[in-house]
Amino acid sequence: MCDEHLTRIIQVDLKSELFTYTINERSLTHARMMDGKLLLVTNTKDLAPAEVVRHYKSLADIERGFRILNSGIEIGPIYHRLPDRIRAHATICFIALILYRVMRTRLYASAAGMSRKNPTFPPSSAIYFPVI
């Protein structure tokens, strides 16, 4: 909890000689009610609450994909200064992310029984990529 939220709950009397404080029960009740919850706010009025949550979760999936680009696929950091090279690098990263997600989806669909302890695929689930 940040200091701003604490000052709403606990009011300290700085003018008295002794340390005194009061607790704002209404603010404390509100803080307890909101504890552990995430409040999603949108300016799009035509979305149902379930759609807002779905969009938020898809955003988290996209962010997870970019984390994979930076760690798992190891594309970056690369420093460019020419606009064409910046666009080319962004395009390569985007294509790598799409390829990763397509492969992940196909692997999950074809190897439903696969786990980290048993990473074997049935022979029919092999995915071949043509070498160019």
Side-chain angles (χ1 to χ4, degrees):
M1 183 177 288
C2 66
D3 291 341
E4 180 183 333
H5 291 131
L6 275 177
T7 57
R8 291 180 192 163
I9 297 170
I10 302 170
Q11 283 87 36
V12 178
D13 183 11
L14 299 174
K15 295 180 181 175
S16 73
E17 290 184 22
L18 296 173
F19 176 77
T20 58
Y21 67 93
T22 57
I23 295 179
N24 184 330
E25 292 296 330
R26 184 174 175 214
S27 294
L28 181 60
T29 302
H30 181 72
R32 284 183 176 155
M33 181 183 72
M34 297 303 293
D35 189 31
K37 295 179 178 67
L38 175 67
L39 198 62
L40 297 177
V41 180
T42 180
N43 60 353
T44 308
K45 297 177 192 277
D46 58 340
L47 287 178
E51 290 179 276
V52 172
V53 171
R54 187 175 53 79
H55 284 292
Y56 177 75
K57 287 182 178 179
S58 69
L59 174 67
D61 192 36
I62 290 168
E63 290 174 351
R64 191 172 27 259
F66 280 108
R67 272 196 303 277
I68 290 198
L69 279 177
N70 290 330
S71 62
I73 301 175
E74 297 181 11
I75 300 179
I78 298 173
Y79 303 99
H80 301 289
R81 61 181 177 83
L82 299 176
D84 287 344
R85 290 186 181 178
I86 294 169
R87 277 192 290 279
H89 181 76
T91 302
I92 289 169
C93 290
F94 182 73
I95 290 170
L97 178 60
I98 295 293
L99 181 62
Y100 169 80
R101 293 188 68 183
V102 167
M103 289 174 58
R104 184 184 69 177
T105 302
R106 287 185 181 180
L107 288 173
Y108 284 152
S110 67
M114 189 182 95
S115 69
R116 288 183 184 198
K117 292 181 181 177
N118 181 21
T120 58
F121 293 99
S124 62
S125 69
I127 298 174
Y128 298 99
F129 295 98
V131 178
I132 300 175

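These values consider heavy atoms only, across backbone and side chains, with no hydrogens, waters or symmetry-generated copies. For clarity, every value in this text was computed on a predicted model and none was experimentally measured.
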Residues 26-35, side-chain donor-acceptor partners within the protein, below 3.5 Å, at least two apart:
residue: Ser27; atom: OG; partner: Arg8; partner atom: O; Å: 3.3
residue: Ser27; atom: OG; partner: Asn24; partner atom: ND2; Å: 3.4
residue: Thr29; atom: OG1; partner: Glu25; partner atom: O; Å: 2.8

Spacing of CG belonging to Leu99 relative to CD1 belonging to Ile92, to within rounding of 0.5 Å: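 One finds 13.0 Å between CG of Leu99 and CD1 of Ile92.
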
Nearest 0.5 angstrom please: Leu14 CG to Phe19 CZ, how far?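 So the CG of Leu14 and the CZ of Phe19 are separated by 8.5 Å.
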
Under the ring-ring contact (aromatic ring centres under 6.0 Å, His included) test, which residues partner His80, sequence neighbours left out?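 Expected list: His89.
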
Shortest non-hydrogen contact from Asp84 toward Arg87: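 For Asp84 and Arg87, the tightest heavy-atom pair comes out as OD1-NH2, 2.8 Å.
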
Which atom names give the shortest non-hydrogen contact between Tyr56 and Leu40, and what distance separates them?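 Minimum heavy-atom separation between Tyr56 and Leu40: CD1-CD2, 3.6 Å.
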
Would you say Ile95 ends up clustered with Val102 if hydrophobic residues are merged whenever their side chains have heavy atoms under 4.5 Å apart, either directly or through other cluster members?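 Val102 and Ile95: separate clusters.
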
Review item, side-chain donor-acceptor pairs of residues 44-54, under 3.5 Å, at least two apart:
residue: Glu51; atom: OE1; partner: Ala48; partner atom: N; Å: 3.1

